Asks: 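Submitted below is the structure of interest, expressed as structure tokens.
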Amino acid sequence: MNKKRPEITLLEAVKKSICKRALFMYILLDGYRAYHDMESERHLSMTNISYEDAEKLSDSLHKIMNLDCETNDFLYDKEEHLNGSIEAYNKLQEHLSNFDNRRRKAALAFYKHIYHNFISIHFALGGWMTYPDILISYLSYVCGTSSWQELKDSIIQIDIFKRKREAIDSMYFRKDIQMLEKLFYEIYAKQAKRLTKKSDTSAEMQ
């Protein structure tokens, strides 16, 4: 189980289609972590909640969901979260620099979609945080720098309710990655179609 594959470079690994796709999805989903942080911090910087409301929310979550939370968990420093949003924005721009203009535009639309829409229970329960790490672990395994057991141990989710890491069946991870990859290319294709239609219309008007 701990035996490693013969070592190869990443450039050699991505000659295989599955590794090339895994690398692309790693870059794409790693960028989503920055997008998610940017949006979350931005919303928190605009949140107005009184101490009494925070206390009621804390009590309700403890009684209904048995969550270990305190009133102060829901009291926000607006300036701190605004700075956090700006920092995440800068990280996002670094990730987007990996793409050409068309893929950059598609990536932003993809991020917006998965931020506002339900993807899967595993993605919602922390998969958006751990999936990039699982992908990089897979690439490390293929390149021979980590073992099968290390790859298997990386397939986890962070349960935001239980506040702990949990192992998940790799089947769910693969299914989510395939779904997310399909979604990105559907968005990319729609944008390309609109761009072509716009170009054709402009040509007809000249």
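All figures in this text were calculated on a predicted structure; none of them were measured in a lab. Numbers for residues simply follow the sequence, beginning at 1.
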Asks: Do Tyr138 and Ile18 have side chains that get closer than 4.5 Å, going by heavy atoms?
Replies: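 Contact flag for Tyr138/Ile18 side chains = yes.
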Asks: Measuring from Tyr111:OH to Leu92:CG, what's the distance to the nearest 0.5 Å?
Replies: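 If we round to the nearest 0.5 Å, Tyr111:OH and Leu92:CG are 6.5 Å apart.
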Asks: Hydrophobic clusters join Ile, Leu, Val, Met, Phe, Trp and Tyr when side-chain heavy atoms are under 4.5 Å apart, directly or via other members; which others share one with Met171?
Replies: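 Once heavy-atom contacts under 4.5 Å are chained together, Met171 belongs with Tyr172.
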Asks: Would you say that His116 contacts Lys112 through its side chain, given a criterion of any heavy-atom pair below 4.5 Å between the two side chains?
Replies: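 They are in side-chain contact.
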Asks: Step by step, work out the side chain to side chain contact (heavy atoms under 4.5 Å, CB included) result for Ile27 and Leu23.
Replies: CA-CA 6 Å; Ile27 295 171; Leu23 179 59; 4.3 Å; yes
Asks: For a 4.5 angstrom cut-off between non-hydrogen side-chain atoms, does Tyr141 reach Arg5?
Replies: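 Tyr141 vs Arg5: side chains touch.
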Asks: Minimum heavy-atom separation for Ala88 and Ala34, please, with both atom names.
Replies: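 Result for this residue pair: CB-O, 3.5 Å.
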Asks: Nearest 0.5 Å, please: how far is OH in Tyr26 from CD1 in Ile134?
Replies: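 Between atom CD1 of Ile134 and atom OH of Tyr26 there are 13.0 Å.
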Asks: Rounded at 0.5 Å granularity, tell me how far CZ in Phe123 sits from CZ in Phe118.
Replies: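 Interatomic distance, Phe123 CZ to Phe118 CZ, rounded to 0.5 Å: 10.5 Å.
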Asks: I'd like to check Glu186 versus Lys182 (side-chain heavy atoms, cut-off strictly below 4.5 Å). Are they in contact?
Replies: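 Yes, close enough: below the 4.5 Å cut-off.
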Asks: Verify, without hydrogens or angle tests, whether Asn117 (side chain) and Ile114 (backbone) share a donor-acceptor contact under 3.5 angstrom.
Replies: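 No, because the side chain of Asn117 does not come within donor-acceptor range (under 3.5 Å) of the backbone of Ile114.
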Asks: Please tell me if the side chains of Phe24 and Phe184 come closer than 4.5 Å, counting only heavy atoms from C-beta onward.
Replies: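 Side chain of Phe24 against side chain of Phe184, heavy atoms only: contact under 4.5 Å found.
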Asks: How close do Val142 and Ala13 get, heavy atom to heavy atom, and via which atoms?
Replies: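 Smallest interatomic distance, heavy atoms only, reads CG1-CB, 4.0 Å.
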Asks: Judged by modelled atom types alone, do Asn90 and Glu94 share a side-chain donor-acceptor pair under 3.5 Å?
Replies: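 No pair is found: no donor N or O on one side chain lies under 3.5 Å from an acceptor on the other.
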Asks: Can you pull the side chain to side chain donor-acceptor pair (under 3.5 Å) pairs that have at least one residue in residues 9-24, sequence neighbours excluded?
Replies: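 Output for this query lists Thr9-Glu12, Arg21-Glu181.
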Asks: Taking side chain to side chain donor-acceptor pair (under 3.5 Å) as the definition, give me every residue that meets it alongside Ser97, ordered by chain and number, with sequence neighbours left out.
Replies: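 Checked Ser97 against side chain to side chain donor-acceptor pair (under 3.5 Å); zero matches.
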Asks: Under the criterion side chain to side chain contact (heavy atoms under 4.5 Å, CB included), I'd like the reasoning laid out for Leu29 against Ile177: C-alpha separation, chi angles, the key distance, then a yes or no.
Replies: CA-CA 10 Å; Leu29 293 178; Ile177 291 298; 3.7 Å; yes
Asks: Return yes if some donor-acceptor pair links the side-chain N/O of Gln191 with the main-chain N/O of Ala106 below 3.5 Å, else return no.
Replies: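 Side chain of Gln191 to backbone of Ala106: a pair is present.
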Asks: Of all heavy-atom pairs between His95 and Gly31, which one has the smallest distance, and what is that distance?
Replies: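 Closest pair (atom of His95, atom of Gly31, distance): CG-CA, 3.6 Å.
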Asks: Assess the residue pair Ser40 and Asp37 against the criterion (side chain to side chain contact (heavy atoms under 4.5 Å, CB included)); give the C-alpha distance rounded to whole Å, side-chain angles, the decisive distance to 0.1 Å, and a yes or no.
Replies: CA-CA 5 Å; Ser40 298; Asp37 288 346; 5.6 Å; no
Asks: Just by distance, do the side chain of Thr130 and the backbone of Ile156 share a donor-acceptor pair under 3.5 Å?
Replies: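 Answer holds: yes.
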Asks: Mark yes or no for whether Ser147, through its side chain, and Lys4, through its backbone, hold a donor-acceptor pair below 3.5 Å.
Replies: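 No, Ser147 side chain to Lys4 backbone: no donor-acceptor pair under 3.5 Å.
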Asks: Does any pair with a residue in residues 119-130 pass salt bridge (charged side-chain N to carboxylate O under 4.0 Å, His left out), and if so which ones, sequence neighbours excluded?
Replies: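 Not a single pair qualifies under salt bridge (charged side-chain N to carboxylate O under 4.0 Å, His left out).
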Asks: Tell me if the aromatic rings of Tyr115 and Phe110 count as close, with their centers under 6.0 Å from one another.
Replies: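 Not close enough - the centres of the two rings lie 6.0 Å or further apart.
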Asks: Over 60° means perpendicular and under 30° means parallel, so classify the ring planes of Tyr188 and Tyr185, tilted if in between.
Replies: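 Ring orientation, 0 to 90° scale: perpendicular.
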Asks: Does Arg174 have any side chain to side chain donor-acceptor pair (under 3.5 Å) partners at least two apart in sequence or in another chain, and if so, which?
Replies: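 Partners of Arg174 under the side chain to side chain donor-acceptor pair (under 3.5 Å) test: Ser170.
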Asks: Report the distance from atom CZ of Phe173 to atom CD1 of Ile155, rounding to the nearest 0.5 Å.
Replies: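 Answer rounded to 0.5 Å: 6.5 Å.
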Asks: Counting distance only, does the side-chain N/O of Ser140 pair as donor-acceptor with the main-chain N or O of Thr145 below 3.5 Å?
Replies: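 Pair absent, no side-chain N/O of Ser140 close to backbone of Thr145.
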Asks: Set out, in order, the CA-CA distance, both residues' side-chain angles and the distance that settles side chain to side chain contact (heavy atoms under 4.5 Å, CB included) for Gln149 and Lys152, then state yes or no.
Replies: CA-CA 5 Å; Gln149 187 59 49; Lys152 188 177 179 181; 4.3 Å; yes
Asks: Nearest heavy-atom pair of Leu96 and Arg104: which atoms, and what distance?
Replies: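 Taking Leu96 first and Arg104 second, the nearest heavy atoms are O-NE, 3.1 Å.
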Asks: Specify the closest pair of heavy atoms between Ser120 and Met179, including all atoms of both residues, with the distance to one decimal.
Replies: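 That would be CB-CE, 4.4 Å.
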Asks: Drop me the distance from Asp30's CG to Leu135's CG, to the nearest 0.5 angstrom.
Replies: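 Here the rounded value is 10.0 Å.
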Asks: For Asp133, enumerate each residue passing the salt bridge (Lys or Arg N to Asp or Glu O under 4.0 Å) test, keeping only those at least two apart in sequence or located in another chain.
Replies: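 Partners of Asp133 by the salt bridge (Lys or Arg N to Asp or Glu O under 4.0 Å) criterion, ordered by chain and then number, come out as Arg33.
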